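For ligands, and for the atoms within them, numbers begin at 1 and follow the listed sequence. Please read all numbers here as calculations on a predicted model, not as lab measurements.
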Amino acid sequence: MSYVDRIIAATEAKNADQPEFLQTVREVLNSLRPIVDKDEKYEKAGILERIVEPEKTVMFRVPWVDDQGKVQVNRGYRVQFSSSIGPYKGGLRFHPSVNISVVKFLGFEQIFKNSLTGLPIGGGKGGSDFDPKGKSDGEMMRFCQSFMTELYRYIGPDTDCPAGDIGVGAREIGYLYGQYKRIKGCYEAGALSGKGLAYGGSLGRNEATGFGAVYFTEEYFRKIGRKIEGTTFAISGFGNVSWGVCRKINELGGKVVTLSGPDGYIYDPDGVTGEKVDYMVEMRASCRDMVKDYADKFHVEYHPGEKPWGRVGADIYMPCATQNDIHREDAQRILDEGSSRILIEVANMPTTQEAMDLLMENGVDVLPSKAVNAGGVAVSSLEMSQNAEHLSWTKEEVDQRLHQIMKNIFHNIDDAASEYGCPGNYVAGANLAGFQKVADAMLAQGIC
Ligand code: NDP
Ligand code: 2IT
């Protein structure tokens with residue numbers, strides 16, 4: 001049995017109840033064969049058995065009192081996966097689907113994503129099964145304060161810097177930071193990123209993930225001789241990331257024709273433009289979580305209970321909502337429809353393994369999320385740098401750096417895929433390119 005097969009089997013045996021985590025471990029480790037099978041130093045140093053085991057995992061009770069005076073209890077998590085190349089860095093997700101498998105898959109992905117940015121950040125992730133839907137402002141604040149009352153022990157500018165993710169935006173980061181500052185009794189801005197501009201946030205962080213994804217797409221388009229201008233995109237979600245994607249695609253002359261929510265999808269052939277983009281922010285803030293509101297307001301088609309994949313003849317499909325959004329039957333529909341040969345993943349792990357295999361076997365280019373969405377964490381890291389130096393860069397400066405980082409990521413993963421004998425396999429390229437620096441650091445730092 002090869003080293004990779006042995007570690008995959010051992011990880012499966014140890015984490016049988018964690019399907020999302022196992023999916024990403026299988027994908028990453030299978031991609032790494034050309035590196036780890038070529039040189040026994042990786043096996044000798046136990047690189048793979050160490051990289052699949054988080055350095056530290058905390059799971060804690062989050063008690064809070066709702067508006068009716070009733071005590072509620074949620075479960076909080078922080079998985080500190082790897083600090084080989086920098087302090088742990090990664091978002092916090094508040095969503096009822098959060099469990100240890102989801103947090104570990106996101107944390108594991110974050111190791112390689114953060115390495116791809118070229119910045120000194122390790123990998124981590126956290127969150128809670130708390131459901132923000134329908135909660136009042138006061139409930140949200142009390143929940144965040146209780147969450148931080150435990151989390152503060154494990155984070156800090158040189159230890160672990162959490163940020164936002166699904167269900168955690170500017171408001172939640174504000175409440176979390178306020179409580180952190182109060183407990184610590186000092187102003188450590190670098191302990192959280194995604195902060196408001198009034199208290200240490202970076203210009204450009206809100207739109208960074210979406211803009212970065214489009215900059216990445218532009219660079220990939222340059223390679224294949226296409227342009228954003230005149231291209232139609234079908235995207236899912238209507239959250240923070242979808243909003244940034246829409247804005248940048250519009251700016252570059254492309255068109256976004258779908259959005260989706262847990263209730264279904266809307267089809268807007270004229271494009272999600274102008275005030276319709278602003279309305280996405282309103283829909284998100286309303287906590288109703290229904291994309292139908294868009295169809296009612298702008299009189300466009302609404303398809304309840306369906307997803308846009310393979311239904312609207314788009315040039316590019318671009319999932320921006322959550323994991324396991326594209327299943328095998330969705331992938332089959334995209335292939336049967338035939339309008340698109342490109343899937344650009346923006347959400348973390350939006351494609352199931354079966355769907356991914358089907359698309360790639362049929363020659364569809366899949367651009368993987370850990371490369372495409374790395375702009376968010378990259379600008380988070382730029383925020384940490386600004387905090388450490390007590391200064392603020394202009395929006396243009398941040399945007400310019402983001403643009404360059406996304407270009408570099410595309411070329412690094414493209415080159416890695418070619419160098420290791422799988423040209424055009426961007427999924428493998430991202431894993432190979434992300435792994436190399438982390439593995440070098442682990443080798444240099446000894447067994448720890
Ligand atoms: P938001 O909370 O702003 O939006 C997430 C969207 O996905 C919402 O429409 C939400 O609806 C939907 N969604 C979440 N979970 C589920 C589910 N289980 N089933 C169906 N729909 C779901 O989050 P973001 O826009 O920030 O994040 C979107 C994606 O991008 C995520 O995969 C995130 O990990 C990734 N990402 C985010 C970054 C950031 O900086 N924010 C950086 C890099 C990646 P509902 O809540 O009703 O389910
Ligand atoms: O998935 C992600 O990369 C994020 N949610 C952003 C993490 C961060 O630290 O900005």
Please list the nearest protein heavy atom to atom 39 (C) of ligand 1 with its residue and the distance rounded to 0.1 Å.
Thr209 OG1, 3.4 Å

Heavy-atom contacts under 4.0 Å between Arg205 and ligand 2: side chain, backbone, both, or neither?
side chain

If hydrogens are left out, which of Val377, Asp165, Leu192, Val168 has an atom nearest to atom 5 (N) of ligand 2, that is, the closest non-hydrogen atom?
Asp165

For ligand 1, find out whether one of its N or O atoms is nearer than 3.5 Å to an N or O atom of Ser260.
no

Which ligand 1 atoms are under 4.0 Å away from a heavy-atom of Pro262?
11 (O), 45 (P), 47 (O), 48 (O)

How does Gln110 reach ligand 2, if at all, at less than 4.0 Å between non-hydrogen atoms: by side chain, backbone, both, or neither?
side chain

Just checking, any donor-acceptor pair under 3.5 angstrom between side chains of Thr24 and Lys370?
no

Think Arg284 forms a cation-pi with Phe238, using NZ or CZ under 6.0 Å from the six-ring centre and within 45 degrees of its axis?
yes

With heavy atoms of Ala347 as the reference, note each atom of ligand 1 found under 4.0 Å away.
29 (C), 30 (O), 32 (O)

Report yes or no: does a heavy atom of Gly261 sit under 4.0 Å from some atom of ligand 1?
no

The atoms of ligand 1 lying under 4.0 Å from a heavy atom of Asn240, numbered in the order shown, are 3 (O), 25 (O), 26 (O), 41 (N)

Using a 4.0 Å cutoff against the non-hydrogen atoms of Gly167, which atoms of ligand 1 qualify?
2 (O)

Side chain or backbone, does His95 bring an N or O within less than 3.5 Å of an N or O on ligand 1?
yes

Phe238 heavy atoms within 4.0 Å reach ligand 1 at atoms 9 (O)

Nearest non-hydrogen protein atom, atom 10 (O) of ligand 2
Ser380 OG, 2.5 Å

Under 4.0 Å between heavy atoms, the region of Cys320 that gets near ligand 1 turns out to be backbone

Which ligand 2 atoms are under 4.0 Å away from a heavy-atom of Ala163?
8 (C), 9 (O), 10 (O)

Distance to 0.1 Å, residue and atom name: give those for the protein heavy atom nearest to atom 7 (C) of ligand 2.
Gly91 N, 3.5 Å

Quick check: does Arg205 get an N/O under 3.5 Å from an N/O on ligand 1?
yes

Mark up the atoms of ligand 2 that fall under 4.0 Å of a heavy atom belonging to Gly164, in ascending order.
4 (C), 5 (N), 6 (C)

Under 4.0 Å from a heavy atom of Lys89: give me the atoms of ligand 2 that qualify, with their elements.
8 (C), 9 (O)

Less than 4.5 Å apart, any side-chain heavy atom of Ile235 and any of Val346?
no

Heavy-atom contacts with Arg93 under 4.0 Å: which atoms of ligand 1 show up? List them by number with element.
31 (C), 32 (O), 33 (C), 34 (O)

Which one holds for Met349 and ligand 1: side chain close, backbone close, both close, or neither close, with close meaning a heavy atom under 4.0 Å?
neither

Quick one: which ligand 2 atoms are inside 4.0 Å of a heavy atom on Lys113?
1 (O), 2 (C), 3 (O)

If you measure from the Lys or Arg side-chain nitrogens to the Asp or Glu carboxylate oxygens, is any gap between Arg78 and Asp160 under 4.0 Å?
yes

Side chain or backbone of Asn373 under 4.0 Å from ligand 1, or both, or neither, by non-hydrogen atoms?
both

Is the contact between Val379 and ligand 2 made by the side chain, the backbone, both, or neither, using heavy atoms and a 4.0 Å cut-off?
neither

Only heavy atoms of Lys125, strictly under 4.0 Å: list the atoms of ligand 2 that pass.
1 (O), 2 (C), 4 (C), 5 (N)

Which of the atoms of ligand 2 are close to Gly90, meaning less than 4.0 Å from one of its heavy atoms?
7 (C), 9 (O)

Does Asp137 reach the side chain of Arg171, with side-chain heavy atoms less than 4.5 Å apart?
yes

